[in-house]
Amino acid sequence: MGLYTDPNYFEKQAHYQHRKVKKVIKAVSSKSKQPAPDEAVSETSTQVEPESASRDIHDYPVEPTVDEFDESPGLTQMTQEEYDAFMMGMTVEQYRVYRQMVLENEAKRNRQKQPNRKRRSPEVDLLLAALKPLCFALVICGVIWISIEKDVPLKESDMNDTPPIKSTTETTGGGGGRLVPLQPVPIQNGQIVTYPSGDQVAPLTVQTAGGSNFYIVLNPIDREAISNGAMSFLVSAKSAEVDVPLGTYEIYYAYGSDWYGKEYKFGENTEYFKCNEMFEFTADDEMVYGWTLTLYKVSNGNMSTDIVPKDSFPDI
């Protein structure tokens, strides 16, 4: 409840203060009418000055001095609380409510000024106490390890900050030994690298698992194939279909990631293989017969392959 919710508040305050003033004036007036204790009352009539007589007859209030006001036993004494309420124009009850609000606001401000520090739980204190020896042990182990590393001599390879250069991406320049980085060559699926001299009439389908590029070489075996010539092409997808000459051929293949050309193929990481079967491409008056070559493991497969060294791979 607020202090000024009563619509007649100020009227009541004025009436209250007026009664207080009348009470003080009455106490002062009664003090002025009392005779001094050490004066003797004379029964004989005395000469009274007109001004004094007039003041006694009409009972005008006399303004007391400071000493008379302090020594008056009949003067109503106010407490400090009543005096503060009177000076602020409030009743005692309203002054008490006002003081309570002031104290609450001061306590609220003091709480806001204090930092909000939460007390750690006992579990956290116990965990921190257990971690201290562990951290100390780790520091000791680190110091010992550093001291051991200082005593171990460095190897020559450790002192070389230059990383080794892979030959898979380098070649020897014509100027005499200078290393030149290789550049990958873009390819297309089914791209012919080496063209045969004979007609390409028989179908050859190559299927892979994907993820790598393949270089397929058809090496001629019989007289017809030799007359038609060798052939090579690239496979960069899961399947490629090309036409090849008639005759009997050995099939070699290599695979890798980036194609650097027929000379370097897929670089140093190229892997070389040879199919253990002979592939005969023939034709009659009605049809041309070809092959489907699957270069990954399948169930019930009828072809095997062997790894061959780079020098045994046909250079055509």
Side-chain angles (χ1 to χ4, degrees), residues 162-221 225-277 279 281 288 290-298 301 303-316:
T162 305
I165 301 174
K166 294 183 179 180
S167 59
T168 56
T169 58
E170 295 177 348
T171 182
T172 303
R178 189 172 64 90
L179 296 178
V180 179
L182 292 174
Q183 297 297 329
V185 179
I187 62 174
Q188 295 180 356
N189 187 38
Q191 176 180 338
I192 304 298
V193 178
T194 303
Y195 285 88
S197 58
D199 295 334
Q200 300 171 229
V201 294
L204 172 62
T205 301
V206 179
Q207 297 178 347
T208 70
S212 298
N213 296 320
F214 288 80
Y215 176 57
I216 312 297
V217 175
L218 277 70
N219 191 39
I221 298 297
I226 294 173
S227 63
N228 289 327
M231 177 181 175
S232 64
F233 61 94
L234 293 168
V235 179
S236 60
K238 288 187 176 181
S239 178
E241 183 175 349
V242 296
D243 292 332
V244 301
L246 298 177
T248 304
Y249 291 87
E250 292 178 328
I251 294 182
Y252 293 79
Y253 69 92
Y255 74 90
S257 178
D258 295 325
W259 175 253
Y260 297 105
K262 186 169 64 171
E263 182 180 359
Y264 300 103
K265 299 177 181 59
F266 302 103
E268 188 182 49
N269 295 326
T270 305
E271 297 190 31
Y272 301 93
F273 295 86
K274 177 187 176 182
C275 299
N276 292 329
E277 302 292 333
F279 296 85
F281 298 90
V288 178
W291 289 85
T292 297
L293 180 63
T294 304
L295 300 181
Y296 57 88
K297 291 182 179 181
V298 294
M303 185 189 73
S304 61
T305 59
D306 292 330
I307 299 175
V308 296
K310 179 180 177 180
D311 297 340
S312 299
F313 197 83
D315 186 11
I316 61 173

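On a predicted model such as this, the values are computed, not experimentally measured, just so you know.
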Begin with the C-alpha distance, continue with both residues' side-chain angles, and end with the deciding distance and a verdict on side chain to side chain contact (heavy atoms under 4.5 Å, CB included) for V206 and F214. CA-CA 10 Å; V206 179; F214 288 80; 5.9 Å; no
Backbone N/O of [Y] and side chain of [X]: donor-acceptor pair under 3.5 Å:
X	Y	result
N228	L246	yes
N189	S239	yes
S197	S227	yes
K310	E268	no
D243	V201	no
N213	S257	yes
T194	S232	no

Going through the checks in order, is the side chain to side chain contact (heavy atoms under 4.5 Å, CB included) test met by L204 and L218? CA-CA 11 Å; L204 172 62; L218 277 70; 4.0 Å; yes
Got [X] and [Y] here, is their nearest side-chain heavy-atom distance under 4.5 Å?
X	Y	answer
Q200	M231	yes
T294	M303	no
F233	V193	no
F281	V288	no
L182	D258	no

Step through the shown structure and confirm whether more than 12 heavy atoms of other residues, nucleotides or ligands are within 6.0 Å of CG on N276.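 More than 12 within 6.0 Å, yes.
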Distance, nearest 0.5 Å, that separates [atom1] of [X] from [atom2] of [Y]:
X	Y	atom1	atom2	value
Y272	D311	OH	CG	9.0 Å
K274	T305	NZ	OG1	11.5 Å
D315	K262	CG	NZ	7.0 Å
I216	I251	CD1	CD1	7.5 Å
I226	T248	CD1	OG1	10.0 Å

Looking only at heavy atoms, which two atoms of [X] and [Y] are closest? And how far apart?
X	Y	result
P220	A230	CD-CB, 3.6 Å
G190	V242	O-CG1, 3.9 Å
I221	A225	N-CB, 3.9 Å
Q191	Q188	OE1-N, 3.0 Å
E241	P203	OE2-CB, 4.3 Å
A209	Y296	N-CD2, 3.6 Å

Kindly assign one of parallel, tilted or perpendicular to the pair F273 and Y253, based on the angle between their ring planes and the thresholds 30° and 60°.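 Correct class here is parallel.
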CA sep, side-chain torsions, deciding dist, call: F266, W259, side chain to side chain contact (heavy atoms under 4.5 Å, CB included): CA-CA 5 Å; F266 302 103; W259 175 253; 3.6 Å; yes
Before we go on, tell me: are the rings of F279 and Y249 under 6.0 Å apart, centre to centre?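 F279 vs Y249: aromatic centres not under 6.0 Å.
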